[in-house]
Amino acid sequence: MTQTILILPGDGIGPEITAEAEKVLTALRRQHGFDASWSHGLIGGAAFDATGEPLPAATLTAAKAADAVLLAAVGGPKYDTLPRPQRPERGLLAIRAGMGLYANLRPALLYPELAQASSLKPELVADLDILIVRELTGGIYFGQPRGIREEHGQRVGYNTEVYSESEIERIARSAFEAARLRGKRLCSVDKANVLESSELWRETVIRVGAEYSDVALTHQYVDNAAMQLVRAPKQFDVIVTSNLFGDILSDIAAQLTGSIGMLPSASLNERRQGLYEPIHGSAPDIAGKGVANPLAMILSLAMMLRYSLQRADLALKVETAVRHVLADGLRTGDIARAGEATVGTPAMGDAVVAALA
Ligand code: NAD
């Protein structure tokens with residue numbers, strides 16, 4: 001059956017890097033038997049300019065109907081003074097909520113050729129390939145009660161870390177399934193020595209783990225996990241953790257790779273329908289100049305093939321093509337060393353397409 005993809009170019013460098021991802025999609029359809037069709041929608045500042053809203057109803061309807069959504073980035077200085085409900089970032093939050101995306105998958109992958117970009121020693125990070133699965137719709141960011149109240153003559157701020165068994169079960173399943181598609185090792189990160197919510201987290205992950213006997217499950221406290229990520233990051237395959245811990249650990253992991261233009265991400269719902277996007281923003285400082293790195297966008301497309309479209313074979317082809325292009329020495333400005341020759345956005349996309357063939 002033909003699979004359907006909704007493409008949302010958004011703002012800034014979005015349209016430029018999206019064009020390169022589309023070249024890859026076209027090549028997969030022409031040369032590799034990929035049965036898919038795609039259409040375009042509006043989100044962010046581009047949607048506000050056209051319709052007065054950062055997420056038009058038509059975009060959300062199309063997103064829910066598609067098998068997967070590929071999004072570039074939203075935002076820009078032009079929109080920073082708009083009232084909050086009309087800002088581009090609201091479009092992003094609204095599409096995540098509207099699609100019910102609760103599992104955020106953030107790989108930290110470092111090609112050996114780029115190991116010098118990391119703040120860690122190259123031998124600690126060369127060939128790093130870890131995946132952080134972060135719970136995205138629960139925990140302390142959404143828990144009630146929350147607020148600031150008066151108590152004994154001073155203000156007191158409070159938030160609530162709360163997880164139900166069903167919330168933990170579904171994120172655990174997403175992580176076990178992801179581990180099955182990779183190295184079959186899962187480390188669950190919590191703070192079960194101090195927090196009751198973490199105690200339930202650990203118990204529930206162990207219970208779900210009984211259904212995945214082919215995946216090796218371990219546990220770490222979050223303070224230790226943060227230390228291990230910068231001490232010996234290659235010990236991990238997949239990490240699963242709560243919204244708050246995942247927010248922090250995934251940024252540490254991203255920094256291990258040192259190159260924001262290279263990192264993709266995925267957010268999945270219960271139907272394994274997903275929103276796939278680079279972790280970087282719309283980079284207004286370089287928009288329209290043809291110099292943006294399209295590889296995070298192309299690697300987001302690879303994640304889409306693996307996690308929503310059940311085409312791990314094509315995902316691997318795309319990832320291997322990116323690997324070849326880097327091994328051949330092609331660099332956009334953001335990943336080039338001082339003095340190294342650079343290529344522009346279209347040349348990088350063309351090189352990936354050529355490597356696919
Ligand atoms: P940013 O990620 O857009 O840019 C940070 C730096 O990295 C800039 O110097 C930029 O040129 C560079 N960079 C980013 N992606 C690159 C790429 N593919 N190739 C080469 N260089 C790249 O973050 P920012 O500057 O903090 O934010 C800019 C705008 O993007 C803001 O409006 C912000 O709200 C928005 N934003 C959107 C998202 C999203 O859509 N998911 C995420 C973060 C920021």
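Worth saying up front: this structure is predicted, and the values here are computed from it rather than measured. Both counts, for ligands and for their atoms, begin at 1 and track the order of listing. For the single chain, residues carry numbers from 1 onward in sequence order.
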Judged by modelled atom types alone, do Gln116 and Ser118 share a side-chain donor-acceptor pair under 3.5 Å?
-> no
Criterion side-chain hydrogen bond (donor to acceptor under 3.5 Å, both in side chains) on Glu20 and Thr18, from CA distance to verdict = CA-CA 5 Å; Glu20 303 314 309; Thr18 301; over 6 Å; no
Enumerate, one pair per line, all nitrogen or oxygen atoms of ligand 1 lying under 3.5 Å from a protein nitrogen or oxygen, stating the separation to 0.1 Å; write 'none' if no such pair exists.
unit_1: ligand 1; atom_1: 2 (O); unit_2: Gly281; atom_2: N; d: 2.7
unit_1: ligand 1; atom_1: 3 (O); unit_2: Gly281; atom_2: N; d: 3.4
unit_1: ligand 1; atom_1: 3 (O); unit_2: Ser282; atom_2: N; d: 3.3
unit_1: ligand 1; atom_1: 3 (O); unit_2: Ala283; atom_2: N; d: 2.8
unit_1: ligand 1; atom_1: 9 (O); unit_2: Asp285; atom_2: OD2; d: 2.9
unit_1: ligand 1; atom_1: 11 (O); unit_2: Asp285; atom_2: OD1; d: 2.8
unit_1: ligand 1; atom_1: 11 (O); unit_2: Asp285; atom_2: OD2; d: 2.9
unit_1: ligand 1; atom_1: 15 (N); unit_2: His280; atom_2: ND1; d: 3.4
unit_1: ligand 1; atom_1: 18 (N); unit_2: His280; atom_2: NE2; d: 3.2
unit_1: ligand 1; atom_1: 18 (N); unit_2: Asn293; atom_2: O; d: 3.0
unit_1: ligand 1; atom_1: 19 (N); unit_2: Asn293; atom_2: N; d: 2.9
unit_1: ligand 1; atom_1: 30 (O); unit_2: Ser282; atom_2: N; d: 3.1
unit_1: ligand 1; atom_1: 30 (O); unit_2: Ser282; atom_2: OG; d: 3.2
unit_1: ligand 1; atom_1: 32 (O); unit_2: Gly76; atom_2: N; d: 3.1
unit_1: ligand 1; atom_1: 34 (O); unit_2: Glu89; atom_2: OE2; d: 2.6
unit_1: ligand 1; atom_1: 40 (O); unit_2: Val74; atom_2: N; d: 2.9

Heavy-atom closest pair (Ala179 atom, Leu186 atom, distance to 0.1 Å) is CB-CB, 4.5 Å
Between the side chains of Gln235 and Gln228, does any donor sit under 3.5 Å from an acceptor?
-> yes
For the pair Tyr212 and Phe176, name the ring-plane relationship: parallel under 30°, tilted 30 to 60°, perpendicular over 60°.
-> parallel
Measure from the side-chain N and O atoms of Asp11 to the backbone N and O of Gly76, and report whether any donor-acceptor pair falls under 3.5 Å.
-> no
